[in-house]
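Take a look at the structure below.
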Number of protein chains: 2
Amino acid sequence: MAVQGISRDSFGGGTTPLQRDSLQQQIYERLRNRLIAGSFFPGEAVSSRGLAQALDVSAMPVREALTRLTAEGALELTNSRTLRVRVLTPDDFDEATAIRLDLEGMAAIRAAGQATGEDAAAVRRLHRDLIAAAESVDADRYLSANAAFHSGIYTAARWPLLLGMIQRLWLIVGPSIRSSVPDRQHMATSMQFHNAAAEAMEARDATTLRSAVVDDIRTAAINIRASLADEAGDTT
Amino acid sequence: MAVQGISRDSFGGGTTPLQRDSLQQQIYERLRNRLIAGSFFPGEAVSSRGLAQALDVSAMPVREALTRLTAEGALELTNSRTLRVRVLTPDDFDEATAIRLDLEGMAAIRAAGQATGEDAAAVRRLHRDLIAAAESVDADRYLSANAAFHSGIYTAARWPLLLGMIQRLWLIVGPSIRSSVPDRQHMATSMQFHNAAAEAMEARDATTLRSAVVDDIRTAAINIRASLADEAGDTT
DNA sequence: CTCCGCAATCTGTGATCGCAGATGAACCGT
DNA sequence: ACGGTTCATCTGCGATCACAGATTGCGGAG
């Protein structure tokens, strides 16, 4: 079915029955978090009516959320007027990665300079969660924790617009990251950069923090890009 | 009235009666172009029903376009549930400027490396338009031509996602740029950088092109930021 | 048994209606 | 005549209905 993705609820809230703010905002945020955490696969079909039924709301707020996600490049409209999770070409991914290197590097530098004690403590907590997730070798859990860890660092930069643009990029590459099925090897490599980032955050070392973040993105991108090039043209 | 901004139609199309693509997309693009070109002032009221009536369409596609613009930070919701053009704080502007320096600098570098002969010709044309607009000292015309000139350079980079993120930033700072009322002095200073950029584009000189773009943004930002700090707190 | 065709049903998109909250102006009481 | 209050009207937001295009599956003909 078109709503199959809904059953896997592993990110923010989950059982929360949509209560704060406007419905369209809540639905958008839930879908965004799920896309970032990799709960959707590239090419997976998404329908407004199906989602509305699954969330027990009318189609109205759902379509506005889906419209936004489509405009942001997370979803795409097939030529048969059906909506699906965007399938990135290797070129698309390269572009997103290049922008990520710039923006997340900038956010890392500023985070090191702006972070308060609470920010550092929050990142420390998220780092511990990430370590536990990596040890569990649960890909879903690891990707969620990974997203939360990075997000925690960038939040400390206190630049909401920059954070939003970074999250938009994660929104786009999230499904592709998930579909590359990170294995234990990948997690171990990535954790080295995460550990370095956590230390640099603690020491407010902007240069080291930036390097850790950038290197993490760069090394992960190699695997993902390869996996992307393999299934190029496959729109299932 | 809430639709006062509609009467000033100086950008893309104008008399075009909305025919291609979906209505919501057309309305969004028209509003986006007008925001980028500075046809709206910070704090200006915008209502979905008013716009719908002015455009002679139903309220439905208009609200979706306005929802998108609000989500992108171009509009904001007052606490009396009314929509208006976002009023930037000096901090907001500084953040947007910092990101612009990064992204537009990156786009400039890549544009120098990717530009075809047609791209260069297009930029040359836009540069001529910009010169003519500067000589006419018509602020509206100058800002439109300025936006088109920069956009022309970045388009040559052939990175649609990057171009979209840059345009989103212009969307946010556009009204503030317009309200700073660029004078002849400002135009003359800025044209030096524009001329340098046009030359660098011709020569495919990435470093010089980047410098021209970045310096243009930086010097213009000084005036705008000052004008922003003056009227800080004024939400008319 | 295979293949062509029609119809039911799905999709996104637009229009219309209704609701709660807030604003502003006209109106009533003193 | 002036101040306080109420009501008409505006706002965004959600629900429901309607429509054109495309896909899919069922049925009938060869």
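So that the names make sense, note that chain A is the first sequence line, chain B the second, and so on, each numbered from 1.
- B/Gln25 pairs by the side-chain hydrogen bond (donor to acceptor under 3.5 Å, both in side chains) definition with B/Glu29, B/Arg68, not counting sequence neighbours.
- Contact annotation: A/Ser58 side-chain N/O to D/dT16 OP1/OP2 distance is not under 4.0 Å.
- Residue B/Arg49 has its side chain nearest to C/dC19 when only C/dC19, D/dT16, C/dG14 are considered.
- Residues forming a side-chain hydrogen bond (donor to acceptor under 3.5 Å, both in side chains) with B/Arg225 (at least two apart in sequence, or on another chain): B/Asp94.
- Proximity of residues 64-71 of chain B to DNA chain C (heavy atom under 4.0 angstrom from any strand atom) is not detected for any residue.
- The base of C/dG14 is paired with the side chain of A/Arg63 by a donor and an acceptor separated by under 3.5 Å.
- Rounded to an integer number of Å, the gap from B/Tyr28 OH to C/dT13 C1' is 19 Å.
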Table please: side-chain donor-acceptor pairs of residues 157-174 of chain B below 3.5 Å, with sequence neighbours left out.
| unit_1 | atom_1 | unit_2 | atom_2 | d |
| --- | --- | --- | --- | --- |
| B/Arg158 | NH2 | B/Asp119 | OD1 | 3.3 |
| B/Arg158 | NH2 | B/Asp119 | OD2 | 2.7 |
| B/Gln167 | OE1 | B/Arg32 | NH1 | 2.9 |
| B/Gln167 | NE2 | B/Ser151 | OG | 3.4 |
| B/Arg168 | NE | B/Glu72 | O | 3.1 |
| B/Trp170 | NE1 | B/Glu104 | OE2 | 3.0 |

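- Between B/Ala59 and A/Leu83, it is A/Leu83 whose nearest contact on DNA chain C lies nearer the 5' terminus.
- For B/Met60, the side-chain contact (heavy atoms from CB on, under 4.5 Å) partners are A/Met60, A/Arg63, B/Ser58, B/Arg63, B/Glu64, not counting sequence neighbours.
- Contacts with DNA chain D (heavy atom under 4.0 Å) in residues 72-82 of chain A: A/Ser80, A/Arg81, listed by number.
- Relative to the axis of its first five pairs, the axis of the last five pairs of the helix from C/dC1-D/dG30 to C/dT30-D/dA1 sits at 40°, rounded to 10 degrees.
- Taking atom CG of B/Leu23 as the reference point, atom P of C/dT13 lies 11 Å away to the nearest angstrom.
- For the pair B/Gln53 CD and C/dT16 C1', the computed distance is 15 Å after rounding to whole Å.
- No donor-acceptor pair closer than 3.5 Å links the side chain of A/Ser144 to the backbone N or O of A/Arg141.
- The backbone N or O of A/Met187 lies less than 3.5 Å from no partner atom in the side chain of A/Ser190, so there is not a single donor-acceptor pair.
- Residues that satisfy the side-chain hydrogen bond (donor to acceptor under 3.5 Å, both in side chains) test with B/Thr78, not counting sequence neighbours, are B/Ser80.
- In this view, B/Ala122 and B/Arg125 satisfy the side-chain contact (heavy atoms from CB on, under 4.5 Å) rule, not counting sequence neighbours.
- One can place CG of B/Asp21 at 19 Å from P of D/dA20, the figure rounded to the nearest angstrom.
- Straight-line distance from the CG atom of B/Leu51 to the P atom of D/dC10: 16 Å, rounded to whole Å.
- Residues satisfying the side-chain contact (heavy atoms from CB on, under 4.5 Å) test with B/Leu77, not counting sequence neighbours, are B/Leu83.
- In terms of the side-chain hydrogen bond (donor to acceptor under 3.5 Å, both in side chains) criterion, residue partners of B/Glu76 (sequence neighbours excluded) are, by chain and number, B/Arg84.
- At whole-Å resolution of the value, CZ in A/Arg84 and C1' in C/dC10 are 17 Å apart.
- Computed from coordinates, the B/Gln25 CD to C/dT13 C1' distance equals 13 Å when rounded to whole Å.
- Rounded to a whole Å, the CG atom of B/Leu55 is 15 Å from the C1' atom of C/dG14.
- The side-chain contact (heavy atoms from CB on, under 4.5 Å) check on B/Thr97 picks up B/Phe93, B/Leu101, B/Ile217, B/Ala221, with sequence neighbours excluded.
- Without hydrogens or angle criteria, B/Asp92 side chain to B/Thr89 main chain gives a donor-acceptor distance under 3.5 Å.
- Relative to the side chain of A/Ser47, the nucleotides C/dG12, D/dC13, D/dA15 differ in distance, and C/dG12 lies closest.
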